[in-house]
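Have a look at the structure below, then the notes.
Per chain, numbering begins at 1; letters A, B, ... match sequence-line order. For the numbers below, each heavy atom of this structure counts, side chains included, while hydrogens, waters and symmetry mates do not.
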2 protein chains.
Amino acid sequence: MRGMALEHAILVSLLEQPGSGYELARRFERSIGRFWTATHQQIYRVLKRMEADGWVTAEEIGQDGRPDKRSFSVTEPGRSLLVEWLRAPVQPEAVRHELAVKIRGAAFTDAAGRAALIGEVERYRAEHEALLARYLNGEKRDFAEINDDGQRLQHVVLRGGIAYERMLLDWLDDVLGTLRAL
Amino acid sequence: MRGMALEHAILVSLLEQPGSGYELARRFERSIGRFWTATHQQIYRVLKRMEADGWVTAEEIGQDGRPDKRSFSVTEPGRSLLVEWLRAPVQPEAVRHELAVKIRGAAFTDAAGRAALIGEVERYRAEHEALLARYLNGEKRDFAEINDDGQRLQHVVLRGGIAYERMLLDWLDDVLGTLRAL
DNA sequence: TCTTGCTATGCAACGAGTTGCATAGCAAGC
DNA sequence: GCTTGCTATGCAACTCGTTGCATAGCAAGA
């Protein structure tokens, strides 16, 4: 019961909306992926274990014109496991900020190397600018009117993503200024 | 040459200042740990591999009154490996934000569960408030006067940490407001 | 004297995450 | 007709990170 965190993200996602492994993988590429990444291989593997443990059940759904799928729902034991986990302390996150390592590493390269890094930071910045635009777009689309608590909670998490991206863009400008002034 | 990222963080740290595995582990608890976490077991294991690959060399240092240590420095091949890596694109980070999962999970628990989560968020907030205070303190201590490029780069990374913590505290207030209003 | 804590190093087992590959049917465009 | 791409599922091998444990000397305080 240590790591086992993908399980919880899957339980939340399936409680919000039952679905197949494939559908889950797509959600992890979109909304859930903002705060928890996972590949389809990982999801199928964990889903199988969760099914064996009785936290989720699958329903076979025959589709015409495309392969059958197995739609998963959360069982009562699964739900109470999640509720229990919600009460547990938040574990300190494992930080892994590659760009920060590169920036400190810039002290040990030459002018050409620093110029290349500046280019990389600019590219990275453009990516995150586009990401912020997508978030803001999604916010307008999905949260124009708020109807229930689930939506309110999804919205506050999205606001976190937006705040993060804005902070990041400001900091990247600071980084670019610093690198250019060396 | 895929993940292999702890290696780079170690190279940067050893270029900034040679040191033993133990000293590195302490640095990863402090400054480097702000953007890259690693345990001493991991560090020793990787250091051994890096030594075998010729990226670092060790010098035995006998100390009186405490165990001998092996102080590591970066070799020329190690340095050029780092410089090469600096030019490579920044990989997209694997996000893993447990608190966000819990917040969305709060939709599926009762009032008591939500109250417990609020308590957890408050505790988490207090932790990060203390962390911000430490960062600001370290900034005053270490960057009152700036003498070289290395310091300038370390400072901009620290400013990133400070900006992150400020953003996080604001967002946690938003989260607490949202949870209390449910 | 005994215990706690710090420096200093490391092994072994396990669990989680990544990468590459494989299958299979159907739809859409060239 | 052929290729590309999407839905849908999964295995196998590997690497990375975590956890628990072990050793050993010295310092400081109860």
Rounded to whole angstrom units, what separation is found between the CZ atom of B:Arg26 and the C1' atom of C:dC6? 8 Å

Mind checking what makes ring-ring contact (aromatic ring centres under 6.0 Å, His included) contact with A:Phe35, not counting sequence neighbours? none

Round to a whole Å and report the spacing from CD of A:Glu93 to C1' of D:dT18. 16 Å

Give the rounded distance in Å between these two atoms: NZ of A:Lys69 and P of D:dG10. 14 Å

Taken in chain and number order and not counting sequence neighbours, the residues that satisfy salt bridge (charged side-chain N to carboxylate O under 4.0 Å, His left out) with A:Glu127 are A:Arg123

Answer whether the closest heavy-atom distance between the side chains of A:Val101 and A:Glu98 falls below 4.5 Å. no

Could you list by number each residue of residues 32-48 of chain B showing a heavy-atom separation from DNA chain C of less than 4.0 Å, or answer none if no residue does? B:His40, B:Gln41, B:Tyr44, B:Arg45, B:Lys48

Is the closest basic N to carboxylate O distance between B:Lys102 and A:Glu84 below 4.0 Å? no

Among all residues two or more places apart in sequence or in another chain, which pass the salt bridge (charged side-chain N to carboxylate O under 4.0 Å, His left out) test with B:Glu93? none

Five-pair end axes of the helix from C:dT1-D:dA30 to C:dC30-D:dG1 and the angle they enclose, rounded to 10°: 20°

At less than 4.0 Å, is any side-chain N or O atom of B:Ser20 found next to OP1 or OP2 of C:dT7? Yes or no. no

Between P on C:dG15 and CD on A:Gln91, what's the gap in Å once rounded to a whole number? 17 Å

Do we get B:Arg79 above A:Phe108's six-membered ring, with its NZ or CZ under 6.0 Å from the centre and within 45° of the axis? no

Report yes if a side-chain nitrogen or oxygen of B:Arg96 is closer than 4.0 Å to either non-bridging phosphate oxygen (OP1 or OP2) of C:dA16; otherwise report no. no

Do B:Arg180 and B:Glu122 meet the salt-bridge criterion of a basic N to acidic O distance under 4.0 Å? yes

DNA chain C nearest-nucleotide lookup for B:Ala94 and B:Phe72: closer to the 5′ end is B:Phe72

Name the closest nucleotide to the B:Arg49 side chain, picking from D:dT18, C:dA8, D:dC16. D:dC16

Does D:dT7 have its OP1 or OP2 closer than 4.0 Å to a side-chain nitrogen or oxygen of A:Tyr22? yes

Kindly write out the residues that satisfy salt bridge (charged side-chain N to carboxylate O under 4.0 Å, His left out) with A:Arg104, not counting sequence neighbours, or none if the list is empty. B:Glu16

Six-ring centre of B:Trp171, A:Arg159 cation under 6.0 angstrom, axis tolerance 45°: no

